[in-house]
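FYI, the numbering just counts along the sequence from 1.
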Amino acid sequence: MAPAAASGGSSLPSGFSVFATFPDLLFVFEFIFGGLVWILVASSLVPIPLVQGWVMFVSVFCFVATTALLVLYIIGAHGGDTSWVTLDAAYQCVAALFYLSASVLEALATISMQDGFIYKHYHENIAAVVFSYVATLLYVVHAVFSLIRWKSS
C-alpha cells in the first residue's frame, strides 16, 4: 500500500494537483529536458543522418505526447477512468524505451565524431547526449511509478 500512496494514489490527478503529485510532477521535467534534447539535436551536426532522424523523432514525439497528456490531465479529461492509468503506464514505458534507444544512438554518433568535426558541434552533441540520458532517467522513473499506480488500480 505504501508505493501507491507514494505515487499519488491509484487514480490520476486533475487540475493543478498534477503539479503536486509524484510521479506526475515529472511531466514538467520531462518537458524541459525533452525540449533541450530537441533543440540541441536540431542545431547540431550529426555525421549519421539516420541517427539524427531517430533522435529528433523521439524527442519531438515525446515532447508533444507529454505536453498533450499534461494538458489532458490538467483539464481532467480522464474523468477518473482506470483505462487512463493504463494509458499513462503504457506511454511512459514506450517513451522510456524510445529515449533509451535514442540516447544510446546519440552517444554512439557523438563518439564517432570526436575527430574531424568542429569543436562546437562536438560539444553540442555531448550536451544533447547528457540531456537525453537525463530525460531517459526521468521517463524510466515515471514509468516505474506509473506501473506501480497501474498495478494498484
I want to check something: taking the side chain as every heavy atom from C-beta on, are [X] and [Y] in contact at a cut-off of under 4.5 Å?
| X | Y | value |
| --- | --- | --- |
| Gln92 | Leu147 | no |
| Phe22 | Val141 | yes |
| Phe31 | Leu70 | no |

Go through the structure and list residues passing ring-ring contact (aromatic ring centres under 6.0 Å, His included) with Tyr73, not counting sequence neighbours.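 Counting only residues at least two positions away or on another chain, Tyr73 forms a ring-ring contact (aromatic ring centres under 6.0 Å, His included) with Phe27, His78.
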Tell me whether [X] shares a hydrophobic cluster with [Y], the cluster being built from Ile, Leu, Val, Met, Phe, Trp, Tyr side chains joined at under 4.5 Å.
| X | Y | result |
| --- | --- | --- |
| Tyr91 | Val71 | no |
| Leu108 | Leu40 | no |
| Leu25 | Trp84 | yes |
| Leu69 | Leu97 | no |
| Leu100 | Phe131 | no |

Just grab all the salt bridge (charged side-chain N to carboxylate O under 4.0 Å, His left out) pairs involving residues 33-44, residues at least two apart or on different chains.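 Every pair satisfying salt bridge (charged side-chain N to carboxylate O under 4.0 Å, His left out) with a residue in residues 33-44: there are none.
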By side-chain contact (heavy atoms from CB on, under 4.5 Å) - contacts of [X] (at least two apart):
| X | value |
| --- | --- |
| Tyr133 | Ser103, Val104, Ala107, Val129 |
| Val134 | Phe33, Leu138 |
| Val64 | Val60 |

Count the heavy atoms belonging to other residues, nucleotides or ligands that lie under 6.0 Å from CD1 of Ile75, then report whether that count exceeds 12.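 More than 12 heavy atoms, drawn from other residues, nucleotides or ligands, come within 6.0 Å of this atom.
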Heavy-atom closest pair, residues [X] and [Y]:
| X | Y | value |
| --- | --- | --- |
| Phe63 | Gly34 | CD1-C, 4.3 Å |
| Ala102 | Trp54 | N-NE1, 3.8 Å |
| Ala143 | Cys93 | CB-N, 3.9 Å |

If a pair satisfies side-chain hydrogen bond (donor to acceptor under 3.5 Å, both in side chains) and one of its residues is in residues 35-53, list it, with sequence neighbours excluded.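 Passing the test, one end in residues 35-53: Ser44-Asn125.
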Atom pair CZ (Phe61) and OG1 (Thr66), whose distance is rounded to the nearest 0.5 Å: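 The distance works out to 8.5 Å.
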Roughly how far, to the nearest 0.5 Å, is the OG atom of Ser59 from the CG atom of Leu36?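 Leu36 CG to Ser59 OG: 11.0 Å, rounded to 0.5 Å.
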Ring geometry between Tyr139 and Tyr99 (parallel below 30°, tilted from 30 to 60°, perpendicular above 60°):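 Answer is parallel, since the angle falls under 30°.
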Which of these passes side chain to side chain contact (heavy atoms under 4.5 Å, CB included) with Arg149: Val144, Thr21, Asp88?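 Exactly one candidate clears the test, Asp88.
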